[in-house]
Amino acid sequence: MQSSHLLLEEPIRMASILEPSKASFFPAMTKIVGTLGPRSRSVEVLSGCLKAGMSVARFDFSWHDPEYHQETLENLKAAVKLTKKLCAVMLDTVGPELQVVNKSEKAISLEADATVFLTPDEGQEASSNLLPINFDGLSKAVKKGDTIFIGQYLFTGSETTSVWLEVSEVQGNDVVCVIKNTATLTGALFTLHASQIRIELPTLSDKDKEVISSWGVKNKIDFLSLSYTRHAEDVRHAREFLSKQGDLYQTQIFAKIENIEGLNHFDEILQEADGIILSRGNLGIDLPPEKVFLFQKAALYKCNVAGKPAVVTRVVDSMTDNLRPTRAEATDVANAVLDGSDAILLGAETLRGLYPVETISTVGKICAEAEKVFNQDLYFKKTVKYVGEPMTHLESIASSAVRAAIKVKASVIICFTSSGRAARLIAKYRPTMPVLSVVIPRLKTNQLKWSFSGAFEMQLIMPCSSHLKEEFVARQSLIVRGLFPMLADPRHPAESTSATNESVLKVALDHGKASGVVKPHDRVVVCQKVGDASVVKIIELED
Ligand SMILES: Nc1ncnc2c1ncn2[C@@H]1O[C@H](COP(=O)(O)OP(=O)(O)O)[C@@H](O)[C@H]1O
Ligand SMILES: C=C(OP(=O)(O)O)C(=O)O
Ligand SMILES: [K+]
Ligand SMILES: [Mg+2]
């Protein structure tokens, strides 16, 4: 039996597990989002990250200033140019995040059973019995017996810097807590999480708005990662804000579900958002541990049937300091893929970890193995059944393209798309082969000469107002499982002169061949509009 036919539900011959995997063109169909920081901001390391498979870069404004992030982004652009790999940019907001401020950065020892005061007076010096925090409403939000967690920025859960507190009383604006475990806080910034407590701060803070309208607009961010999304209204509000920020009306909003309030409003949030981040770091401490897996499976199912990308966070924490993940982590990554995630988000591992590049390639390899045993047939049937009948024309075309591609064992599906909708719909059916989305402006196909650049062997396209929309669409597919953009660039001379759909397709195929993603005699399924009709066609390539 060929390894590509293994299905988890069927008996697997043990020896076949050890068969080496065939090298494929893409590291994995599942995408990898990397949080950039001190260990991942040189052109060299960023080039390594891109080559290893990172396709989205997260800039987390919980930490550091816009100038620092700008420097990192400039280096990322240089790395994109060097490696010819596209990368999308995600701005992650601070939102209603509670932080412990340790200005002097002196280590703070906390002893189990001792008492510590949390005070909103940020001017105070942090010490073993006093921790200044950035919010003055905590004493009104918590009560005796509540649980508070403090962890290093991007805590991994395995550090000795994480501490649990239990609220013993409230004194004015201060919250008095009993320390549950001995710990030493080292560093300048700590996240504070009050379990299952509503924090009366806006989801999009004034600081977030300022950063979005300056840094975000300047850099044409592809994704806004909306931290601590608690209601659908949060997404609507962010959308309205973005609509007034120049090009950012095209920015996609990914709602981060990080607490029980977000979990309770999941369905409405999913309807409003473009995608979801299952923020298991915070959610994992808000939920009882035995419930985390169930949220993951339920949320991924809902995202999958809605055809909206889902991103899972906090997978290989231990790789922050180690070259290999734990067995539990390795299994967890595979399960995230089997549960239906589109992308994996790395935090501390890429930001401050010792092995950012190795982490990306290890996670990519695990994803690729899981994809091989993903039961596409069953998934396809479930998805079709969920959609029901009558289907919209486009849904029917998309599912038929995937079915045809599997039946004829096509090596790729090529989808022409303007808004990106058609390509996303195809990806929704989780084909086993990559979907190359050819992003071109519909109206201009007859006026221009074409050449292509893409996620593979691309030419860097500098922002250019004439095809800005297509750039957004192309980069936004970099977070969807199985979707790989080819961005048509009308400024480069193409081999063909009469730029009809047919010649665009020929150029796309030539580009695919040149880069090795399609080979002579391969079958390719193409989805495009010819005149008014959407068509799915099967092409058999020659030499
Ligand atoms: N520029 C194009 N040339 C040819 N066919 C296209 C083009 N853009 C989209 N299509 C096809 O049109 C249909 C609708 O695709 P979609 O991505 O929803 O485009 P839009 O929303 O911009 O109309 C699909 O069959 C798709 O393959
Ligand atoms: C990704 C997460 O949040 P943060 O932005 O704090 O890293 C998380 O909580 O899993
Ligand atoms: K954040
Ligand atoms: Mg978080």
Using 30° and 60° as the class limits, which term best fits the ring planes of Trp215 and Phe59: parallel, tilted or perpendicular? tilted

One pair to check against side-chain hydrogen bond (donor to acceptor under 3.5 Å, both in side chains): Gln196 and Asp146. What are the steps and the verdict? CA-CA 9 Å; Gln196 308 194 12; Asp146 281 347; over 6 Å; no

Can you classify the ring geometry of Phe374 versus Tyr379 as parallel (below 30°), tilted (30 to 60°) or perpendicular (above 60°)? tilted

Could you check Lys428, Arg481, Arg430 and say which one makes a salt bridge (Lys or Arg N to Asp or Glu O under 4.0 Å) with Asp342? Arg430

Glu349 to Asp317 - nearest heavy-atom pair and separation: OE2-N, 3.6 Å

If you count the non-hydrogen atoms of other residues, nucleotides and ligands that lie under 6.0 Å from CZ in Arg403, is the total more than 12? no

What's the shortest heavy-atom distance between Ala88 and Asp222, and which atoms? CA-OD2, 3.4 Å

Step through the shown structure and confirm whether more than 12 heavy atoms of other residues, nucleotides or ligands are within 6.0 Å of CG on Asp65. yes

In terms of heavy-atom contacts, does NE2 of His237 have more than 12 from other residues, nucleotides or ligands at under 6.0 Å? no

Could you tell me whether Lys31 sits above the aromatic face of Phe26, with NZ or CZ closer than 6.0 angstrom to the six-membered ring centre and within 45 degrees of the axis? no

Should Glu159 and Arg352 be marked as a salt bridge (Lys or Arg N to Asp or Glu O under 4.0 Å) after you check the CA-CA gap, both sets of side-chain angles, and the distance that decides it? CA-CA 13 Å; Glu159 302 109 333; Arg352 63 163 177 263; 3.2 Å; yes

Count the heavy atoms of every other residue, nucleotide or ligand shown that sit under 6.0 Å from NZ of Lys180, and state whether that count exceeds 12. no

Derivation of the side-chain hydrogen bond (donor to acceptor under 3.5 Å, both in side chains) call for Ser227 and Asp92: CA-CA 7 Å; Ser227 296; Asp92 192 292; 2.9 Å; yes

Give the minimum heavy-atom separation between Lys302 and Leu270, together with the two atoms involved. O-CD2, 3.5 Å

More than 12 non-hydrogen atoms from neighbouring residues, nucleotides or ligands closer than 6.0 Å to CD on Gln271, yes or no? no

Give a yes or no on this: more than 12 heavy atoms of other residues, nucleotides or ligands lie within 6.0 Å of atom CZ of Arg236. yes

If you count heavy atoms of other groups shown closer than 6.0 angstrom to CG of Asp267, is the number above 12? yes

Taking the cut-offs as 6.0 angstrom to the six-membered ring centre and 45 degrees off its axis, would you call Arg475 and Phe472 a cation-pi pair? yes

When you measure from the centre of the six-membered ring of Phe295, is the NZ or CZ of Arg280 under 6.0 Å away and within 45° of the axis? no

Does atom CD of Glu389 have more than 12 heavy-atom neighbours from other groups under 6.0 Å away? no

